[in-house]
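Below is one structure, written out as structure tokens, with a few remarks after it.
Atoms within each ligand, like the ligands themselves, are counted from 1 in listed order. Heavy-atom basis, side chains included; hydrogens, waters and symmetry copies ignored.
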Amino acid sequence: MISRRVSKPIQIGNVTVGGTAPITVQSMTNTDTRDIMSTVNQIKELEEADCEIIRVAVPDMPAAEALAQIKKRISIPLIADIHFDYRLALAALKAGVDGLRLNPGNIGDPDRVKTVVKAAKERKIPIRIGVNAGSMPKTVNPLWTTAQNMVEAAMEHVRILESLDFDLIKVSLKAFDVPTTIAAYRDIAQKIPYPLHIGITEAGTPRTGVIRSTVGIGTLLYMGIGDTIRVSLTAPPREEVIAGYEILKSLNLRQHGPVLVSCPSCGRTEVDIVSIAEAVEKELSKIDKPIKVAVMGCAVNGPGEAMDADIGIACGKGMAVLFKKGKKIGVVQEADLVRVLMEEVERL
Ligand code: SF4
């Protein structure tokens, strides 16, 4: 049983992050934010995949000005990602964004920081402080580890916001290196009460990036750390959302769509279990129900797993025994397996 660190909840639009709220899955668009149509279309696609919070890059004023139109056309909370230029932060707040990703220490002039924080406070808009190992301040302590320097960099920004009586804070501390990321989050989790956005940055392409993210995010979540997650992949953002939910499902932290249990196959298998499992997975991806489906290759481990699932098959030679809610309900030929299994899933 995972015992979650209870953080001070914040509200990002209609989504609560922290406290006892479910751990949310977020992503970031990779379109040009100035291209309103493409950005909205991508966010719509992400909404369909159940992305719960979306962040967009705001590199210049035309991008900031596009935010109002984007916000109007989407349903999930919108976060503006801003670096250095306080005018972009003010424009994003004016456009009605639900959150800012901004390091106040990077703005420089204290009066400008004050102006942005005041505007965020008036609108009750949270600010995420995001420290990345790849873009650390120039003044790192050479005697400290990267994780310690990341924590100190984040604490600097936190202290700026707190000194302005602002506490709608969320923090992220991302590195490509998994042990560094874990060490940094573990440390800061004890130092501040604010919710943590967790992830492994620049994790790579789906093949390796999903594994790297799963190890990093999964370890932290198992330690009870993390209130919202982003799996950063060099891939369409939809892949990030799918991977995010799979991580949360693996730790029983969220239910989201079906879970497929399938055997790895071995010398006992007498059907084409790989093709069957792939076909079932493809069909299940069209379904929202939080059900457990088992596709098992033989009569040794098969019946146990199949009976434990909502629907399951334990295959034999060119056929399979079909189980539903722990009871045997029939025998199906290999050629009909996927169709019959999916009909039973539909009936549930
Ligand atoms: Fe082999 Fe049966 Fe286990 Fe599948 S369930 S890996 S076929 S023993």
Tell me whether [X] is salt-bridged to [Y], with the criterion being a basic N under 4.0 Å from an acidic carboxylate O.
X	Y	answer
Glu343	Arg339	yes
Arg212	Glu202	no
Asp227	Lys170	no

Count of N, O or S atoms belonging to protein, less than 2.8 Å from atom 4 (Fe) of ligand 1
1

For residues 296-318, dump all side-chain donor-acceptor pairs below 3.5 Å to protein atoms at least two apart in sequence or in another chain.
residue: Asp308; atom: OD2; partner: Lys292; partner atom: NZ; Å: 2.9
residue: Asp310; atom: OD1; partner: Lys325; partner atom: NZ; Å: 2.8
residue: Asp310; atom: OD2; partner: Lys292; partner atom: N; Å: 2.7

What residues, two or more places apart in sequence or in another chain, satisfy salt bridge (charged side-chain N to carboxylate O under 4.0 Å, His left out) together with Arg128?
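Scan of Arg128 (salt bridge (charged side-chain N to carboxylate O under 4.0 Å, His left out), adjacent residues dropped) gives none.
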
Checking Lys94 now: which residues fulfil salt bridge (charged side-chain N to carboxylate O under 4.0 Å, His left out) with it, not counting sequence neighbours?
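Checked Lys94 against salt bridge (charged side-chain N to carboxylate O under 4.0 Å, His left out); zero matches.
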
